[in-house]
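This report concerns only the one structure given below.
Values below: all heavy atoms of this structure, side chains included; hydrogens, waters and symmetry mates excluded. These numbers were taken from a predicted model, which means no experiment stands behind them.
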Amino acid sequence: METLVESLKNLRVEVKEKVCIITMNRPKALNALNNDTLKELSQIIDIVSEKEEILGIIITGEGKAFVAGADIRQMQNYKSEEGRKYAGYAQSVFNKIEELEKPVIAAVNGYALGGGCELAMSCDIRIASEKAVFGQPEVNLGVIPCFGGTQRLSRLVGTGVAKELIFTGRQVKAEEAKEIGLINKVVLCDVLLEESLKMMNEIIKKAPIAVRYAKVVINKGMDMDLKNALELEKDIAGLTFATRDKQEGMDAFIEKRKPIFKNK
């Protein structure tokens, strides 16, 4: 990982104890997503997924933007198949984040428009600074959200609100984003990363296997009918009962002490 981190041009990566912080680092371009940025993000997610010592990920942006969108200069001359291929690649990277069996928090510090909003929505939890702005303005460019926006936005805020935001391209500030269910929490700009780390540290104190399986069941259950989703929940719960962490957690509860989880 160290070798890759040193070669990154569009991201900055640091590990604080058991949390990996990924900072989108193209501030002059408002952290716009181009092929190179997506490739670096994909590589980092692949590595983090294999690192047992990393239990959580925070994604944020450098400067006044989280990610202000996809790189329009790169896409300007794309024709049909090029646009479709680029959308598919971005979707595959965001799917990796969504499917990563570790919790991911988006710490949204500023503009999260287009691909930036879609990146935030691929994360499990979204914490925004008071200056954050969200939106899917693609119709202003003659295209539609295509990094997952038409699907994830509808699932988060409902189809009616999603259609309004996508059809009009209207941008929403942090407080409204929280009201409609797009984000979880609004905090002061100066403490955004601190608050995101605070929440992540609360999460990673829990049994890592239980958190991981909970994410898997929630994600997979979203696309299943209730009966089959409950069957999945039951089966995965059975797996957690076979872990050492389950025994430690229940023993600690009975003994009135804090559990010490080993991720086993």
Side-chain angles (χ1 to χ4, degrees), residues 1-51 53-54 56-78 82-100 102 104-124 126-129 131-134 137-138 141 143 145-149 189 192-193 196-197 200:
M1 181 170 178
E2 289 75 16
T3 303
L4 175 59
V5 166
E6 290 173 2
S7 69
L8 294 175
K9 296 180 180 179
N10 302 288
L11 306 178
R12 190 171 68 250
V13 177
E14 59 181 319
V15 178
K16 289 192 174 183
E17 295 183 357
K18 298 178 181 180
V19 180
C20 178
I21 302 172
I22 301 171
T23 303
M24 314 303 289
N25 194 28
R26 298 182 69 215
K28 290 183 179 179
L30 298 179
N31 301 324
L33 296 170
N34 59 11
N35 275 328
D36 290 340
T37 305
L38 288 168
K39 181 179 179 181
E40 289 182 7
L41 184 58
S42 180
Q43 290 173 328
I44 289 296
I45 295 300
D46 284 342
I47 291 172
V48 167
S49 70
E50 298 297 324
K51 295 279 186 180
E53 65 271 25
I54 295 175
I57 299 89
I58 294 174
I59 300 177
T60 192
E62 181 65 35
K64 62 182 180 181
F66 175 70
V67 169
D71 193 322
I72 295 171
R73 291 186 182 278
Q74 177 182 299
M75 300 185 296
Q76 185 178 9
N77 295 315
Y78 279 1
E82 291 170 308
R84 185 174 183 274
K85 184 177 180 181
Y86 186 47
Y89 180 60
Q91 286 181 6
S92 72
V93 177
F94 291 0
N95 287 345
K96 277 186 185 182
I97 294 170
E98 185 173 66
E99 294 165 7
L100 182 67
K102 299 180 182 186
V104 185
I105 292 177
V108 184
N109 52 301
Y111 294 110
L113 304 175
C117 189
E118 290 165 308
L119 171 58
M121 290 190 292
S122 72
C123 300
D124 301 305
R126 286 154 293 284
I127 300 176
S129 87
K131 293 185 179 179
V133 179
F134 299 82
E138 286 85 352
L141 302 172
V143 294
C146 57
F147 293 2
C189 304
L192 173 63
L193 192 55
S196 299
L197 279 165
M200 184 58 79

Side-chain donor-acceptor distances from residues 10-18 under 3.5 Å, at least two apart:
residue : atom : partner : partner atom : Å
Asn10   : ND2  : Glu40   : OE2          : 3.2
Arg12   : NH1  : Glu62   : OE1          : 3.1
Arg12   : NH2  : Glu62   : OE1          : 2.9

How long is the gap from [atom1] on [X] to [atom2] on [Y], to the nearest 0.5 Å?
X: Cys189; Y: Lys131; atom1: SG; atom2: NZ; result: 4.5 Å
X: Phe94; Y: Cys123; atom1: CZ; atom2: SG; result: 8.5 Å
X: Leu33; Y: Met24; atom1: CG; atom2: CE; result: 5.0 Å
X: Met121; Y: Glu98; atom1: CE; atom2: CD; result: 10.0 Å

Quick one: does [X]'s side chain get under 4.5 Å of [Y]'s, heavy atoms only?
X: Ile105; Y: Asp124; value: no
X: Ile22; Y: Ile58; value: no
X: Glu138; Y: Cys146; value: no
X: Ile21; Y: Ile59; value: no

[X] to [Y] - nearest heavy-atom pair and separation:
X: Glu118; Y: Gly149; value: OE2-N, 2.8 Å
X: Cys20; Y: Val48; value: SG-CG2, 3.9 Å
X: Met75; Y: Ala70; value: CE-CB, 3.6 Å

Check against side-chain contact (heavy atoms from CB on, under 4.5 Å), Ile97 and Leu119
CA-CA 9 Å; Ile97 294 170; Leu119 171 58; 3.6 Å; yes
Set of residues satisfying side chain to side chain contact (heavy atoms under 4.5 Å, CB included) with respect to [X], sequence neighbours excluded:
X: Ala112; answer: Phe66, Val108, Phe134
X: Gln76; answer: none
X: Gln74; answer: Asn34, Asn35, Asp71, Tyr78, Tyr86
X: Leu100; answer: Ile45, Ser49, Ile57, Lys102, Val104, Lys215

Any pair with a residue in residues 27-39 that passes salt bridge (Lys or Arg N to Asp or Glu O under 4.0 Å), sequence neighbours left out, goes on the list, sorted by first then second residue, please.
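Every candidate salt bridge (Lys or Arg N to Asp or Glu O under 4.0 Å) pair involving residues 27-39 fails, so no pair, neighbours aside, qualifies.
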Can you name the side-chain hydrogen bond (donor to acceptor under 3.5 Å, both in side chains) partners of Gln91, sequence neighbours left out?
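Gln91: no side-chain hydrogen bond (donor to acceptor under 3.5 Å, both in side chains) contacts found.
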Taking side-chain hydrogen bond (donor to acceptor under 3.5 Å, both in side chains) as the definition, give me every residue that meets it alongside Lys96, ordered by chain and number, with sequence neighbours left out.
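Lys96: side-chain hydrogen bond (donor to acceptor under 3.5 Å, both in side chains) contacts with Ser42, Asp46.
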Donor-acceptor pair, [X] side chain versus [Y] backbone, under 3.5 Å?
X: Thr60; Y: Ala107; result: yes
X: Ser129; Y: Asn109; result: yes
X: Asn31; Y: Gly61; result: no

Going by the rule ring-ring contact (aromatic ring centres under 6.0 Å, His included), which residues pair with Tyr89 if we only count those two or more places apart in sequence or in a different chain?
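Partners of Tyr89 by the ring-ring contact (aromatic ring centres under 6.0 Å, His included) criterion come out as none, since no residue qualifies.
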